[in-house]
Every structure is written in structure tokens, then in C-alpha cells.
Amino acid sequence: MNTIVDAQGSGSSGGSGSHSLPRQAERGVGREEATSYLTAGHGVKSWLFTTDHKRIAILYALTITVFFFIGGAAATLIRMELFTPAGDLVSAEGYNKLFTLHGVIMVWFFLVPAIPATLGNFLLPLMLGARDLAFPRLNLMSWWLIVIAGAFVLYVLVMGGVDTGWTFYAPYSTTYSNGYVVAAAAGIFVSGFSTIATGLNFIVTTHTMRAPGMHWFRVPLFVWSIYATALIMLLATPVLAMALLLIMIERLLGVGIFDPALGGDPVLFEHLFWFYSHPAVYIMILPGMGVVTEIVTCFARRRIFGYQFMVYALLSIAVVGFFVWGHHMFVAGQSMYAGLVFSFLSYVIAVPSAIKVFNWTATLYRGSIVLDAPMLYALGFIGLFTMGGLTGLFVASLPIDVHVHDTYFVVAHFHYVMVGGMVSAFFGGLHFWWPKITGRLYPEAWARFAALLMFFGFNMTFFPQFILGWMGMPRRYHEYPSEFQVYHVLSSAGAVVLGAAYLLPLGYFLWSLRYGQPASDNPWDAKGLEWRTASPPPKHNFPSTPRVDEEAYDYHPPRRPPGGHLDHPSDGRPAS
Amino acid sequence: MEGLSFFPKEASTFAPRTDAVFFTLLGLSAFMTLAVAFLLVYFCTRYRRGSKARHGGRVSKLIDLEFEAGWSLIPLFIFLFLFTWAAGQEFTLFYPPKDALEISVVGKQWMWKTEHPGGQREINALHIPIGRPIKLDMVSQDTIHSFYVPAFRVKHDVVPGRDNEMWFEAKEPGAYRLFCAEFCGTDHSRMIGTITAMPPEDYARWLDAQPTGETLVAEGRRLYHELGCSGCHEAGGSVRAPPLHGLYGGPVPLEGGAVVTADERYVRDSILRPKSQVAAGYKPIMPSFQGSIDEGELQALQAWIRSIGDGGKEG
Ligand code: HEM
Ligand SMILES: [Cu+2]
Ligand SMILES: [Cu+2]
């Protein structure tokens, strides 16, 4: 690790393309058979009751993959229905249940746990130089909770059905819906505890388990992003739990909380819901930002531009994210002054997002760039997140939102950030750390192809939805006037491409488990402690606790600011 | 209805102003997106591994702080400008002009019912004159709906238990789509209708050709007697209750010392939840009418009380 990596980049590896790195393990060195976490125990029980963060990460990954494809199946049916203006494939009732299922599963059982509970779980201790998370058994409990909650919610949604949308607006959900609202809410309520426990675990781990020498400003930005996410998980999720609990109380006991017929206030529910759900959208994007930072620096062989600003940007997003919820309610009758404040703060929160985009771009300057699959995903993320964030400004402007609120414009906006952004980052991260997690290399050409296909499929699916929304097409419509059809057809066609692009990695990842080349410890020649141990890592991560005596992303000597001293002196301060 | 286009018709006075903000933002966003995309592609080609460009090393000329400050502050100022400009338009949206034509709207699963001041009623349709501000007084019979006319660039949720207001002024005759934009159950996507904007003369002619039902005010007056309000509220009634004539729009001293203005909300609460705000000097004996009258009847009572309010003539 401390050997000097050629800072000019072009030297030793010059010209020979992307496969110049010693990715493949040398024969005989394959340590995998010795003590890898994969072989450290056998049998189903050794997995289901493991407290090893790496195994739990794998359990999570399998779980959310199942949910992702179930949510995806619902999306497929939705897009098929919208191919024609008439509601001919499923009934109106069925359509409403489908988009509810899609939203609930994708948000709470895929996106929220996606990066934190899989890559975060796997990498956080490795990146910090720790043996495990602070509370390994709590970690196992988190997984069990989400499996139980998820299976229950899925059963309710498929067998019974709920038609309220993932937003559960009252009084529809409390009084008028015929679906199994209480059961679904109860399941999501339980999954919240999983999220809270995970958040708590990550926060404590980051505070107390950093390796000697890793002070706060040496922590990789992926860890910072997980840390910021964990703060939101811990502080926002309880509010969701309360909102859902109140829904259940009103529906079961008839206590008037939200339904005006019982003396309640429906707007109160919107406040409670968005007080959780706006911060929650940052749960669904910050970890993606962390992943992209790791990938961009490695494949450009550059230090991240403006490390400290990246940290402040993450933290300010996490904090300000708690104060913009009212931008979901501009037309719900909130006062003009509230509207102005929420609009203003929404503009403010876009600034740190912009800073991050500029810093990633600047990081490429004078890099030594290889466009391997993870990098393609990361670049895709930057482009799509930029578009998603900028359209956030559209919907944050009062007059525009009055027009496009609850139309496909909003649908396109959040899919650009959540699917274009977060899911791209997730795939990028999976590819990047796949050799570390499994000890195998995936087939690079296929992976690049899938990355490009995903980018095009995504834009083809969701760009037409901006136009649809601007033209006035409301969301959650089972049938629609025929002037919108062209764009719906384009979108559905794009979804076919996108679907294929999601299936491809499933295929070649599985293939690589058996036939992939064994990976070396550090196939990308990346920085970061996780690459200092075997691929796949041994049960307790490191033979001996690593010491950190360099900055994060030490791909080349640090730059010199005007004062003449280095910006992050390597004084080897112990972790504080 | 218009055919296919990229661009919804600009049929209200709000539309061009909304679109101006939209296209400014669009221009700016397109510029930012293209700039980022260009830089990404340019850097990835120029600095690809093995290219002749200078890689790595210290970037002493690029001073972090100046760049960071630059790309934090410049966007911040642009954003502040955009916000202020966009917010300015919000003020107009919130204050309907005094001379607006008031039309009442009831949203229910899954239809829109509208009623003109002269008592003409329509379902999933609304005829309006152009060149005159229209104010909608909207209530919901059940769950939340949202009244949305894309060609006018206006939308407002119709939240049950509240009086919801919105206004606009159509400037071009034509037929425009009306959608329900807030998910309200099974046939949400069928809760749609047509707004027909016509020149004032045509509108007057159209009104005359409609069968006029009872006007909202007349219905309110009838209900006032039928529901027994008059038994208490008229002078000489069995119990002592405040007169409703001259109430609307004026100050009301409450039990406990506070003084509130008798607006739509106060009247609604007085009828549905009389115990929440008791008029000073009276006993809290008025029964709640929650559940025994529907939103339409409530709206009629409100209209009547408004018509006999401060400055009202009708008795
Ligand atoms: C750059 C900063 C952002 C701003 C200013 C912003 C602004 C907004 C606004 C104003 C709305 C409400 C639109 C409406 O309902 O009419 C909205 C909706 C939404 N945004 Fe964002 N947004 C930003 C970033 C994000 C990110 C990063 C995510 C997710 C990862 C996200 C996810 C969502 C979702 C899920 C909704 C709609 C939820 C629903 O109604 O079902 N946004 N955004
Ligand atoms: Cu939000
Ligand atoms: Cu509706």
C-alpha cells in the first residue's frame, strides 16, 4: 500500500489499455480457500444466524434483489397498461394496487436498504480497519426484521392489495380505501426498526472503531456518506413510524386524527409523512454519492477535488434536508409564507448538490482515466443526478410546481434521482467491489455493455415523462386522454431496454461466481483499507489492525495551497 | 381539444408568466447539463490512460478554495435570483381580485359538480367567460381531490373539511381539459372534465339557456329554516343565540377574551364544531351539525350567511 504508485499514471501502465493492472490473482496465492468469510462456516444456519457483517451484507443483497425484481415486475405491468390510453390490461383497482406495490417495495424494501445495508454493511468495517460493526447481533436483527416485514408486506400487497399509493394520504387511507391498509402500514412500521437499528449501528461504528491514524478528515467519503445517511435514518424514521401508527389507530379505532369527518386534519398527515419522506429521499441518494466518489477517484487515479467541501456538502444536505418537506404541499392549501420559506430552502439545498457535481468533474482534470464498467456507471450517475437535481429546482419554483405537481414531471424528477442516480451508483458499486466481495472478476465487456444499455434505456424510459408532465398528464392515471399516447409508448419501449439492462448483470454475476477469474487482493490498484486485505476477506477482515498514515485517495502527492504547507499534513494523529 | 404537441396551450393570464420562469430555468439547466456532460466527455478523452496529456501531479494552480467558493456562490446567487422572481408570481396567485366571478365546486368520488352564482349547475364541466377573473370556492365531499387545468397552469387541492380557494382568468376561448390531480381512489383517472371558456356575451347567452335551479344563497336560506337554525338564531326564539345578520366579515368577541374575524373558516367551524369557539355572552348550547349535513349543504349555508353579512343586503 505504501509503495509509491506512479503518480504520472501514464508511465508503467502506459498504453496497454485497461487490463494492465494485476487484477487476476497469481496462481497459488489464492488465499480464498484458507479462511475467507465465505468458507468460514458451512450450512444454512451458519448464514442465517451469522453475526459477520460481510455475510449479513450478502443476506441483505439477496433479499433486496428479490424485492427489486418483484417491484420491477409491477413496473412492467404498469408500463404495459399505459401502452394504450384505454384501461384494458388490468382493472382500475388492479392498476392502483400495482403502483402502490411498486412504490412501497421499491422505496422501503429496495432503495432505503440498497447501498447502506449491502455495500455499507460489507465495507464500513473494512474501510475503517475494524473487525466488524459495533453491534454485530443488532445487525443480524436488522436483517431479520426487514425480511419478516418485507415478506409480510409482500403477502399483503399481493394477496389482498392496497391502493393508497406509497404516500398513504389520509383520509383516503383511513376511511375510503378498501385495501389492507393496516397490515401494510404495520409491515412498514416494523421495517422502520430495521432502518433505525442499522443507522445506530453505523453511527457508533464510525465514531468508535476507526483504525489508528484515521482521523475524521482521513475517512473515505463513502464512509462519510453512510454516516450522514445513518443520521437521517435515526432521526427521520421515527416520524414515519408515528405517522403510520396514527393511520392504524384512526382506521382501527375510529379516533379522529386525520379525517375531518371525525374532527381530524388531512394536511397534518401530509406534514408528518413528508417530514420523514423528504429526508428519506436523501437516505436514498447520499450513499450513491459516496460510491461514486470512490469509483471516480480510483478510475481517474486522482485525489478527490475538495475533500473537505465534499464532507460539508454531505452534512449540510443531511441537515437542511429536514427543513424542506413543505415543498411537497405547495398546492395543498398551506399559507403563502410557508410556501415561500419551503421554496427558498429547496433552492438552498440544491447548492451542496451542485458542489458535489462540480467536484467530481474537477477530479477528472489531469487524471489518468480508464472507462471500466464501474466508471461508466459513475459517469452515468453524475449526468443523471445533475438532471434530476436541476429538475428539482423546477418543482421547487412555486409557479412551475402549481402546474406540474402530481404530474409525470414529478415522476420523472424523482426517477432521475432515485433510479438514474441511486440505482446506477448501486450497480457501479457492485461492479467495483464485486472482486472484493466474491473473489472473482466479472466479464468486463459484458459489464460495459450493460452499463451503456442501462443509461440509454433509462433516458428513453424517463425523459418522455418530463414532456408528459409538462403537457399536463397527471400521475396515478389508469386511463388517459389519447394526446399523451406517443410519449407513453416511447416510455414503455424504453422500459423494455431498461429491463434487459437490469437482467444482464444478474446473468453474468451469477456466471462469474463459478467461471470468473479469481481476483487479486486489489484488482483496481485502489486506495482504501478494504483493498489491503484478501479477496474475499477473511472472517475477521484483517490479520492485524491496519494503521493509517496517509490521506484518503492518496493516488498522487497532495497539492500545495498558497501557504506552502500541505493541505492535510500527515502527522499520524491518532483517531479521535 | 388540441392535438399532439410539446407545448400545452397558454390559455390563462398566468400561463405566459409560468412559462417564462419555466423556459428560463430550462435554458439554464440545459446549459449546466451540457457543460457538465461536455467536461466529462472532454476530460475522459483527453486524460484517458495512455494519452499524451499531462497526467497527475500537483495541481498547484488550481486553488481549491477559490474554485469551491466560486461554484458554491455563483449557483447560490443564480438560485436566489430565480427564487425571488418565481416567488413574486406566487403573490398574485394567492390574492384573487375583488370583482372575481365566484363559482362553487364540489369534488366527490369521482366527479366534479360546479354551480354558477345564478344557480346553473354542471357536472364534469364548467363554462366561464374570458377576460374576467374566476374564483372557485371548492369543497370535497369525501377525500382529497385536486382541481387541475393544465392550459391555465393552475391547480389546487380540494381538501375535505376546508374551504379551498383558487382563481384564474382565461384569455382565450376554447375547450380545455380538467383533471383530478390528487389520487382519490378507483376511478381517479375518470374524474376529468372540460372547461369551456367563451366570450362574455356567449357566456351570458349560455347562462340564460340553462335551467336555473335554486341558487346557492336561496338553498342556504331554505336550509336555515328547515334545519331549525332560525328557531334559536331569530329574535324571539326559544333560546338566546347571536343573530347571524351582519355577522360575516365582522369581528366576533369570543368567550375567553379573544376576538376573531367571521370568515369562511369561522362559520364552518361554528356549524360543525360549535364548542370550539363560543361567542362571548352565550351558552355553548348549539348542537353540532357534523354528519347531519353534507358539504354541499354546508356550502349553501355559508353562502347565505355571507350574503347577509357585513354590508350584505339580502334578509
Ligand atoms: C436537488 C435538490 C432537490 C430538490 C430541490 C427537489 C425538489 C423536489 C420537490 C419540490 C418535489 C415536490 C414536487 C411535487 O410533488 O410537486 C420533489 C419531489 C420528489 N423528489 Fe425531489 N428534489 C431534490 C432532490 C431529490 C433527490 C436527491 C431525491 C431522491 C433520491 C428526490 C426524490 C423525490 C421524490 C421521491 C419526490 C416525489 C414524491 C412523491 O410525490 O411521490 N428529490 N422534489
Ligand atoms: Cu422533497
Ligand atoms: Cu382524483
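Numbers restart at 1 for each chain; the letters A, B, ... are given by sequence-line order, proteins then strands. Because the structure is a prediction, the values reported are computed rather than measured. Heavy-atom basis, side chains included; hydrogens, waters and symmetry copies ignored.
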[Y] and [X], any side-chain heavy atoms less than 4.5 Å apart:
{"X": "B:His188", "Y": "A:Tyr172", "result": "no"}
{"X": "A:Phe358", "Y": "B:Leu39", "result": "no"}
{"X": "A:Trp470", "Y": "B:Pro8", "result": "yes"}

Can you name the closest pair of heavy atoms from [X] and [Y] and give their distance?
{"X": "A:Pro260", "Y": "B:Pro160", "value": "CG-O, 3.4 Å"}
{"X": "A:Ser368", "Y": "B:Arg49", "value": "O-NH2, 3.0 Å"}
{"X": "A:Leu390", "Y": "B:Ser29", "value": "CD1-O, 3.6 Å"}
{"X": "B:Pro150", "Y": "A:Met471", "value": "CB-O, 4.0 Å"}
{"X": "A:Ile369", "Y": "B:Cys44", "value": "CD1-CA, 3.9 Å"}
{"X": "A:Leu393", "Y": "B:Leu25", "value": "O-CD1, 4.0 Å"}

Heavy-atom proximity to chain A below 4.5 Å, by part of [X]:
{"X": "B:Gln141", "value": "backbone"}
{"X": "B:Gln290", "value": "side chain"}
{"X": "B:Phe77", "value": "neither"}
{"X": "B:Leu82", "value": "both"}

ask   = Do B:Tyr148 and A:His405 have side-chain atoms, one donor and one acceptor, less than 3.5 Å apart?
value =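 Not at all, the side chains of B:Tyr148 and A:His405 share no donor-acceptor pair under 3.5 Å.
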Contact leader toward chain A among [options], where contacts are heavy-atom pairs under 4.5 Å:
{"options": "B:Val159, B:Asp187, B:Asp142, B:Leu272", "answer": "B:Asp142"}
{"options": "B:Ala15, B:Pro75, B:Gly161, B:Ala181", "answer": "B:Ala181"}
{"options": "B:Arg162, B:Met32, B:Met166, B:Arg17", "answer": "B:Arg162"}
{"options": "B:Glu165, B:Arg273, B:Arg46, B:Arg190", "answer": "B:Arg190"}
{"options": "B:Leu40, B:Asn164, B:Val41", "answer": "B:Leu40"}

Chain B interface, residue from [options] that has the most non-hydrogen pairs under 4.5 Å:
{"options": "A:Thr174, A:Leu379, A:Asn359, A:Thr386", "result": "A:Asn359"}
{"options": "A:Ile382, A:Asn96, A:Thr164", "result": "A:Asn96"}
{"options": "A:Gly383, A:Ala332, A:Ala92", "result": "A:Ala332"}
{"options": "A:Gly263, A:Ala354, A:Ser91, A:Ala261", "result": "A:Ala261"}
{"options": "A:Leu340, A:Leu468, A:Thr407, A:Val348", "result": "A:Leu340"}

Roughly how far, to the nearest 0.5 Å, is the [atom2] atom of [Y] from the [atom1] atom of [X]?
{"X": "B:Met191", "Y": "A:Tyr477", "atom1": "CE", "atom2": "OH", "result": "8.5 Å"}
{"X": "A:Tyr480", "Y": "B:Ser189", "atom1": "OH", "atom2": "OG", "result": "11.5 Å"}
{"X": "B:Phe23", "Y": "A:Ile400", "atom1": "CZ", "atom2": "CD1", "result": "9.5 Å"}
{"X": "A:Tyr365", "Y": "B:Phe43", "atom1": "OH", "atom2": "CZ", "result": "7.5 Å"}
{"X": "A:Met329", "Y": "B:Asp157", "atom1": "CE", "atom2": "CG", "result": "9.0 Å"}
{"X": "B:Phe83", "Y": "A:Phe344", "atom1": "CZ", "atom2": "CZ", "result": "6.5 Å"}

Contacting moiety of [X], where chain B heavy atoms sit under 4.5 Å:
{"X": "A:Glu270", "value": "side chain"}
{"X": "A:Val357", "value": "side chain"}
{"X": "A:Tyr176", "value": "side chain"}
{"X": "A:Phe466", "value": "neither"}
{"X": "A:Ala313", "value": "neither"}
{"X": "A:Asp265", "value": "side chain"}
{"X": "A:Tyr312", "value": "neither"}
{"X": "A:Ser343", "value": "both"}

key: Derivation of the side-chain contact (heavy atoms from CB on, under 4.5 Å) call for B:Glu182 and A:Asp406   = CA-CA 7 Å; B:Glu182 181 65 59; A:Asp406 266 331; 3.0 Å; yes
Working for side-chain hydrogen bond (donor to acceptor under 3.5 Å, both in side chains), residues B:Thr186 and A:Glu93 = CA-CA 5 Å; B:Thr186 311; A:Glu93 193 96 355; 3.0 Å; yes
key: Centroid-centroid distance, B:Phe183 to A:Tyr169, less than 6.0 Å   =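 Between A:Tyr169 and B:Phe183, which both carry aromatic rings, the centre distance is not below 6.0 Å.
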